[in-house]
Amino acid sequence: MRSTLTLILDPLIGLYALCFAMRLAMQWVRADFRNPIVQFVLTVTNPLVLPLRRVAPPIYKIDTATLIIYLLMGWAAMTVLTALECFIKPGVITTFFLGCFYCVRLLLSAYTFIIIGHVILSWIGQGNNNPSVLMISRLLDQLARPVMQPVQKIIPPIAGLDLSPIFLLIGLLIATVGLDVTSGQPRFTFG
């Protein structure tokens with residue numbers, strides 16, 4: 001039976017860790033940093049990232065400061081959540097690896113929702129001049145395009161219908177289930 005504290009902490013930690021995952025993804029795809037959603041993510045994550053960036057400079061397209069904080073956040077999440085849920089406290093190395101699995105799983109889940117949102121907005125967002133819809137649509141397109149392009153090269157559109165998101169979602173699902181089986185990680189609500 002899950003404790004009330006776990007039910008409160010799990011989504012809060014997951015949402016904050018998701019901001020770091022999105023910051024990594026947005027920097028990787030070089031998203032438009034004038035977008036208000038990107039500005040929100042930067043504002044929320046800057047207090048932890050900027051001080052660490054002095055010590056850990058970016059390497060190529062990877063912001064190492066954000067990556068370090070993201071992994072440490074996953075480690076902290078697993079340490080807190082396993083301490084609340086398990087009778088036997090796992091070791092530091094075990095919780096670190098569980099935290100890494102947590103981070104990868106959170107990123108896979110985020111990209112699943114990004115692909116689904118991208119597909120839905122490509123259907124209903126056509127011709128929509130609402131600035132909010134356009135802003136979200138552009139950001140989802142920037143995040144989804146680099147992941148979808150390799151799949152689109154293998155599976156071209158059939159009769160004008162792009163089936164690559166379906167195969168990409170199946171791949172993400174298989175990766176998520178494989179990660180759950182490999183890690184033996186308890187299935188928390190958000191991550």
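The chain is numbered in sequence order, starting from 1. What you see below is based on every heavy atom in this structure, not just the backbone, and it leaves out hydrogens, waters and symmetry mates.
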What distance do [X] atom [atom1] and [Y] atom [atom2] have between them, rounded to the nearest 0.5 Å?
X      : Y      : atom1 : atom2 : result
Thr45  : Leu24  : OG1   : CG    : 9.0 Å
Thr64  : Leu71  : OG1   : CG    : 11.0 Å
Leu169 : Thr112 : CG    : OG1   : 6.0 Å
Leu15  : Asp10  : CG    : CG    : 9.5 Å
Ile174 : Leu108 : CD1   : CG    : 12.0 Å
Tyr102 : Leu81  : OH    : CG    : 6.5 Å

Hey, any chance [X] and [Y] share a hydrophobic cluster, counting ILVMFWY side chains that come within less than 4.5 Å of each other, even indirectly?
X      : Y      : result
Phe97  : Ile13  : no
Leu140 : Val133 : yes
Ile136 : Ile120 : yes
Leu50  : Met22  : no
Leu168 : Ile158 : yes

Please list, chain by chain and in numerical order, all residues satisfying side chain to side chain donor-acceptor pair (under 3.5 Å) with Asp162, sequence neighbours excluded.
Gln152, Ser164
Within the 4.5 Å heavy-atom criterion, are [X] and [Y] side-chain neighbours or not?
X      : Y      : result
Val151 : Met148 : no
Pro165 : His118 : no
Arg138 : Asp32  : no
Trp28  : Leu143 : no

Qualifying residues under side-chain contact (heavy atoms from CB on, under 4.5 Å), relative to [X], sequence neighbours excluded:
X      : value
Leu161 : Leu163
Leu42  : Arg23, Phe33, Val38, Gln39, Asn46
Tyr16  : Phe20, Val44, Leu48, Met73

Tell me, which pairs form a side chain to side chain donor-acceptor pair (under 3.5 Å) where one or both residues lie in residues 68-81, sequence neighbours left out?
Trp75-Thr95
Please name the pair of heavy atoms, one in Ala110 and one in Leu18, separated by the smallest distance, quoted to 0.1 Å.
CB-CD1, 3.6 Å
Restricting to non-hydrogen atoms, name the atom on Gly74 and the atom on Cys103 that form the minimum distance, rounded to 0.1 Å.
CA-SG, 3.7 Å
Donor-acceptor under 3.5 Å ([X] side chain, [Y] main chain):
X      : Y      : value
Asp63  : Gln27  : no
Ser122 : Val119 : yes
Gln142 : Met26  : no

Hydrophobic clusters join Ile, Leu, Val, Met, Phe, Trp and Tyr when side-chain heavy atoms are under 4.5 Å apart, directly or via other members; which others share one with Val55?
none
Among Leu106, Val147, Ile116, the one residue meeting side-chain contact (heavy atoms from CB on, under 4.5 Å) with Tyr111:
Val147
